[in-house]
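Because the structure is a prediction, the values reported are computed rather than measured.
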Amino acid sequence: GATPVNIHGKPIINKTGGWIAALFIFGNEMAERMAYFGLSVNMVAFMFYVMHRPFSSSASAVNNFLGISQASSVLGGFIADAYLGRYWTIAIFTTIYLAGLTGITLVATIKVFVPNQDQCDQIALLLGNCEPAKSWQMMYLYTVLYVTGFGAAGIRPCVSSFGADQFDERSRNYRSHLDRFFNFFYLSVTVGAIVAFTAVVYIQMKHGWGAAFGSLAIAMGLSNMLFFAGTPMYRHRLPGGSPLTRVAQVLVAAFRKRNVSFQSSEFVGLYELPGKRSAIKGSSKIAHTDEFRYLDKAALQLKDDDGANPWRLCTVTQVEEVKILLKLLPIPACTIMLSVVLTEYLTLSVQQAYTLNTHMGHLKLPVTCMPVFPGLSIFVLLSLYYSVFVPISRQITGNPHGASQLQRVGIGLAVSILSVAWAGVFERYRRTYAIQHGYEASFLTQMPDLSAYWLLIQYCLIGIAEVFCIVGLLEFLYEEAPDAMRSIGSAYAAVAGGLGCFAATILNSIVKSVTRGKGETRESWLSQNINTGRFDYFYWLLTVMSLINFAAFLYAAHCYQYR
């Protein structure tokens, strides 16, 4: 049932798939990540400087975009696994993504979509005296922004799974190929991010916002052409029908037989189709396990059951699918906190960098280039992963891959704690320095004697955390998810990322509400003026939350049994 097919659903005759097919898929993900990070780092500044929105509301809007683009991935995963397959889901949603990017480019290109820029200098911006964007202008911008986010719904959960589908499970080197694939896959993500934080920022500075956003649309269009060019080489998996329907059937069947005992005289056995073929298209059979025993009642075959009604009697494989989905949940849930930290860094660290000296010798880096450093640290780490980390960790763990998937996730979460703790320490020093040297009211003025490169420590640490955690999680979800639900399994990681974005927005709102004095007598921790706010307290709050989350992960990982 899990045999790969060609695009027409027929058995594969000629050799297809492999690394060459995967390379065509890498290009699509690289462009999507380039657009994602390009918008995340530039849209806050665009809304502030061009649309004349406050930093706080701009950051919330961008966080919502990031959340939608990731949380909606479960919809794309469902459509791929149930009806269209991964190829056609990517093809449709990548076109939607391109349409959204084109709409954003129009906002930055045509003057009617932005407020009047006359007499709007830096002082007017700080005082809030610039003409604000009209409601219909913001409505249009939000619409095309969220259309772009929705387009990511079918790309993110499917691209990694579709790329991994290109390798033959029966090959002796399958596990090694899969391990390297997910590392190279995330390397392509990193390259897209580096281009977004450097080339796109350079284009914006030299040629304006329209050219910057237009470059993202052009890159997406070229990647679409590359993806479609590889069509004859791809291996496909047949969609297995609606996974939500199968889950609902198991829950209903188990509920209907809730009062039936396994010791009943009517009990025949646990129901499964005879032979090798599974009842679920696109899936091999799954052996019975003893976890979540209550769900086994959905497969409990009585003497009067003929197997014709799946809402009364389900196969063991169908029941095990639901068990696996439930087993997987705690692991990606523990990565939500990492996504919260990453989301906060995208906005808070940029605000920190605005007050610091960004000169590197005679070269002055734009503030919006600062997030490139996590990408560079990821690039270096992935390049050295097999030559340095794997041999060393293999000696410690005895694992031929250096560390298990869950061990890598745990390393990533631990390093993220160090990153956010350092961020709190440095922010306390930066704020004290600003107040002592008379910069308290000038939160957009760079302090020449305090270098922005102190931020590199937290940036590089969070980059290392991201490599270990996200790459390990993607590989873990692909291998552990049921055959016919691998897109939904991969969507778990994206949904966790999206929930982290939404959680960051909610956390920001709560912190602002709780820490602001009555009658506006005291600035909140997340004040627009970073020098009067208390970003250091906020970073330490994130540190405590990350420690609690890490303890929860250790418990969940200890309890988990690999398939």
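When ring centroids are compared, F26 and F181 come within the 6.0 Å threshold. Remark: aromatic rings of F476 and Y560 are close, center separation under 6.0 Å. Centroid-to-centroid, the aromatic rings of H207 and Y202 stay 6.0 Å apart or farther. Taking the six-membered ring wherever Trp is involved, the centroid distance between the rings of F150 and Y97 does not fall below 6.0 Å.
Using a cutoff of 4.0 Å between basic side-chain nitrogens and carboxylate oxygens, R486 and D81 are not scored as salt-bridged. The pair D483-R237 fails the salt-bridge criterion, with no side-chain N (NZ, NE, NH1 or NH2) lying under 4.0 Å from an Asp/Glu carboxylate O. Note on D179 versus R408: salt bridge recorded, some NZ/NE/NH1/NH2 to OD/OE distance being below 4.0 Å.
A donor-acceptor contact shorter than 3.5 Å is absent between the side chain of S419 and the backbone of V415. Without hydrogens or angle criteria, E466 side chain to G463 main chain gives no donor-acceptor distance under 3.5 Å.
The side-chain heavy atoms of L295 and L251, taken from C-beta on, include a pair separated by under 4.5 Å. Counting heavy atoms from C-beta on, the side chains of K285 and E320 never come closer than 4.5 Å. Y478 places none of its side-chain heavy atoms less than 4.5 Å from the side chain of S160. I25 has its side chain out of reach of E29: every pair of non-hydrogen atoms, C-beta onward, lies at least 4.5 Å apart. Contact annotation: the side chain of V420 approaches that of Y345 to within less than 4.5 Å [non-hydrogen atoms, C-beta and beyond]. When side chains are defined from C-beta on, F213 does not count as touching L101, because their heavy atoms never get closer than 4.5 Å. Considering only heavy atoms from C-beta on, L216 stays 4.5 Å or farther from I104 through its side chain. Contact annotation: the side chain of W209 never approaches that of T109 to less than 4.5 Å [non-hydrogen atoms, C-beta and beyond].
In this structure, R180 forms no cation-pi arrangement with F167, as its terminal cationic atom is not both closer than 6.0 Å to the ring centre and no more than 45° off the ring axis.
Between P310 and C314, the shortest heavy-atom distance links the atoms O-SG, 3.2 Å.
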